[in-house]
Amino acid sequence: MPEFRLYNSLTRSIEPFAPADGATVRLYTCGPTVYNPAHLGNFRTFLFEDLLRRGLRMRGWAVEQVMNLTDVDDKIIKRATERGVSITELTNPVVETFHADCEFLRIQRAEHYPRATAYINEMIDLVKRLESNGVAYKADDESVYFAISKFPEYGRLSRLDTREIRSGARVSQDDYAKENAQDFALWKAAKPEDEACGAAWDSPWGRGRPGWHLECSAMAMTILGETLDIHAGGVDLMFPHHEDEIAQSEAATGKPFARFWCHGEFLLTDGAKMAKRVGNVSTVADLREQGVSAAALRHFVFSTHYRKQLNLSGEALEASIEAVRRVGDFSDRLARERAGNAALAEAADTLLIEATAALSDDLNAPRAIGALFEFVHASNRAFDETGSDPSALARARDAFRQINAVLDIVPDRGTDDAELAGWVESQIAARSTARANRDFVQADEVRKALEEKGIAIEDTPDGTRWKKIR
RNA sequence: GGCACCGUAGCCAAGUGGUAAGGCAGGAGACUGCAAAUCUCUCAUCGUCGGUUCGAUUCCGACCGGUGCCUCCA
């Protein structure tokens, strides 16, 4: 197998990757803030992380993944206050929706989904360590801040020149108590509205709540240890979120926080970043209503490299729906055929080599998909010829299974409805009779009736086959 | 203003210093009663202009166009 390589944002280069202990990859992925359902842009990142997870497992490594759920922050408190509910009442259903969406998209479950509110003690402990190390201070507003002037490494990940005058930058207006404008909150003093919705805890610095950045550091290190193998997230998190995580974690432990930082690019719509404030978001639910399958959406996302921006368009989505239809038909054929030939065996070997190489090369899913389609084509051609070698078929099935275990782009057939199947069979029998009598008008009417129920049929030398197409 | 990234056929997209994977759509054909599926054939000179080179889409520069980040943000 070729070396497994990943782009590391820390060094801005592609590097060979292996877990520090040689066996288990400790992976931390920044999860959603659960104040309303995640949109497709968020899910592009989660799908990228799913690809990463599956790619690592393809290599034979175990993965211990943490995806946090940020269930206390400014937006959550604001929303809870507006609705007059506690933050828990607000976030619980959103967490459920998140898991349901992930399941629909076939995103493999992480080993841990820690909620920030369950790790308050660990967060307080982290702030204490920072305080005793002299890098945290309590300001006049009773909040505790991290002093970036005490952490010379600050800015290494994002390479932002902290002294630059950012004339076009959005400037924060609500923090006055900090010693330095770039310092960030570790612990925020509680306000009355925080107390009202259950977003305040006791601490050595008084009632308050954790800062956003602190949450990830505390949960990551508590569950996975002080040095992670990989920390992943969307590119927008690079600054300040990941920069601040590095600062807090490393200032506390004196150890590197993460060996690899991996960032997924954005999903764009109408030429702009998909974001609620732009007003161009769509959700998993929206797509499901449009009849876009999980397989199609996965194909769409994986058809562009994760470090390249991807534009969501109806035309591109249609292409993925059709592409995945072809993969599904092929998958059915692979299950149906009885034997293969030398060409099939060769196609299987090529697929394994090409797709594995592509996925090992910084998760080049588009190239892997290309290899998969070349395999589909070569295999179809092989099946159209004669074949009598069951072992060739077994190799083809195995190769396809292995690569699809990473991409997971075969659409569901959803044909376990016995009643429907019975009706379809009876219709097909009626049509066969009509065809035998050369009553093609009647035969075509049956086919039309089936199509209206979402059933497509194919006449073959071995009889008529049917499949559900929607 | 600062820091990055991107610009390959109608659409999506991979890729390489030596004349461009793959998918969708389109065209022609085989198969079919007709379809569907599948197969065969077909469909680009890689934003523009310079430079380096025997040779550049691939390296360098300028320009044009697009996107993101610069403390809400996947």
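Since we're looking at a predicted model, the values are computed, not measured. In what follows, chains are A, B, ... by sequence order, proteins preceding strands, each numbered from 1.
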Salt-bridge criterion met for A:Arg413 and A:Asp332 (N-O under 4.0 Å): yes
field: Centroid separation A:Phe98 to A:Phe46 less than 6.0 Å
entry: yes
field: Rounded distance (Å) that lies between atom P of B:C72 and atom CD1 of A:Ile76
entry: 15 Å
query: Taking a pair as Watson-Crick or G-U wobble with both distances under 3.5 Å, which nucleotide is matched to B:A37?
result: none
- request: May I ask you to say what A:Gly233 touches in the nucleic acid, namely base, sugar-phosphate or nothing, with a heavy-atom cut-off under 4.0 Å?
  value: sugar-phosphate
message: Could you tell me how far B:G47 sits from B:G10 if I compare only their P atoms? Round to whole Å.
response: 13 Å
Residues forming a salt bridge (Lys or Arg N to Asp or Glu O under 4.0 Å) with A:Asp229, sequence neighbours excluded: A:Arg26, A:Arg259
query: Listed by chain and number, what are the side chain to side chain contact (heavy atoms under 4.5 Å, CB included) partners of A:Asp389, not counting sequence neighbours?
result: A:Ser391, A:Ala392
query: Should the pair A:Phe239 and A:Tyr154 be assigned to parallel (<30°), tilted (30 to 60°) or perpendicular (>60°) ring geometry?
result: perpendicular
field: Counterpart base for B:A9, defined by Watson-Crick or G-U wobble contacts under 3.5 Å
entry: none
task: Could you tell me whether A:Leu372 contacts a base, only the sugar-phosphate backbone, or nothing, with contacts defined as non-hydrogen atoms closer than 4.0 Å?
output: nothing
- line: For A:Glu153, the salt bridge (Lys or Arg N to Asp or Glu O under 4.0 Å) test, sequence neighbours excluded, returns A:Arg156
query: How would you label the contact of A:Gly234 with the nucleic acid (heavy atoms, under 4.0 Å): base, sugar-phosphate, or nothing?
result: sugar-phosphate
- request: Pick base, sugar-phosphate or nothing for A:Phe239, based on heavy-atom distances below 4.0 Å to the nucleic acid.
  value: sugar-phosphate
- prompt: Looking at residues 404-412 of chain A, who's got a heavy atom less than 4.0 Å off RNA chain B?
  reply: none
- prompt: Between A:Asn364 (CG) and B:U16 (C1'), how many Å, whole number?
  reply: 13 Å
query: Using the P atom in both, what is the distance from B:C43 to B:A62, to the nearest Å?
result: 38 Å
- line: By side-chain hydrogen bond (donor to acceptor under 3.5 Å, both in side chains), A:Ser320 pairs with (sequence neighbours left out) none
message: Suppose we screen for salt bridge (Lys or Arg N to Asp or Glu O under 4.0 Å). Which residues come up paired with A:Arg326, at least two apart in sequence or across chains?
response: none
Contacts of type side chain to side chain contact (heavy atoms under 4.5 Å, CB included), residue A:Ala378, not counting sequence neighbours: A:Ala347
- request: Could you encode protein contacts along nucleotides 32-41 of chain B as a string, one character per nucleotide from 5' to 3', using B for base contact, S for sugar-phosphate-only contact and - for no contact, with a heavy-atom cut-off of under 4.0 Å?
  value: -BBBBSSSS-
query: Contact class for A:Met238 vs. all strands (heavy atom < 4.0 Å): base, sugar-phosphate, or nothing?
result: nothing
Lys NZ or Arg CZ of A:Arg435 over A:Phe440 ring: under 6.0 Å, within 45°: no
- prompt: What is the distance, rounded to the nearest whole Å, between atom CG of A:Leu157 and atom P of B:C69?
  reply: 16 Å
query: In whole angstrom, what separates A:His263's NE2 from B:A74's C1'?
result: 10 Å
task: Would you state whether a donor and an acceptor, one from the side chain of A:Lys273 and one from the base of B:C73, lie under 3.5 Å apart?
output: yes
- request: Report the distance from atom CG of A:Asp244 to atom C1' of B:C73, rounded to the nearest whole Å.
  value: 14 Å
field: NZ or CZ of A:Arg307 within 45° of A:Tyr7 ring axis and under 6.0 Å
entry: yes
query: Can you check the A:Tyr306 OH to B:A14 P distance for me, whole Å?
result: 13 Å
Residue matched to B:C46 through Watson-Crick or wobble contacts both under 3.5 angstrom: none
Which pairs would a plain distance check flag for residues 448-457 of chain A, meaning a side-chain donor or acceptor within less than 3.5 Å of a matching protein atom at least two apart in sequence or in another chain?
none

- request: For B:C3, give its Watson-Crick or G-U wobble partner with both distances under 3.5 Å, or none.
  value: B:G68
message: Suppose the criterion is ring pair (Phe, Tyr, Trp, His ring centres under 6.0 Å): which pairs have a residue in residues 339-358 of chain A, not counting sequence neighbours?
response: none
Footprint string (nucleotides 5-13 of chain B, 5' to 3'): B base within contact, S backbone only, - free, heavy atoms under 4.0 Å: -SS---SSS
- request: Using the C1' atom on both, measure B:C54 against B:A14 and round to a whole Å.
  value: 29 Å
- prompt: Is there side-chain contact between A:Leu351 and A:Leu372, with at least one heavy-atom pair below 4.5 Å?
  reply: yes
task: Starting from the C-alpha separation in whole Å, work towards a yes-or-no answer on ring pair (Phe, Tyr, Trp, His ring centres under 6.0 Å) for A:His213 and A:His242.
output: CA-CA 8 Å; A:His213 314 301; A:His242 292 161; 9.4 Å; no
query: For RNA chain B, what residues of residues 344-363 of chain A have any heavy atom nearer than 4.0 Å?
result: none
message: What's the gap between B:G15 and B:U52 when it is taken at their P atoms, as a whole Å value?
response: 29 Å
task: Determine the Euclidean distance between corresponding C1' atoms of B:C64 and B:G50; express it in Å to zero decimal places.
output: 14 Å
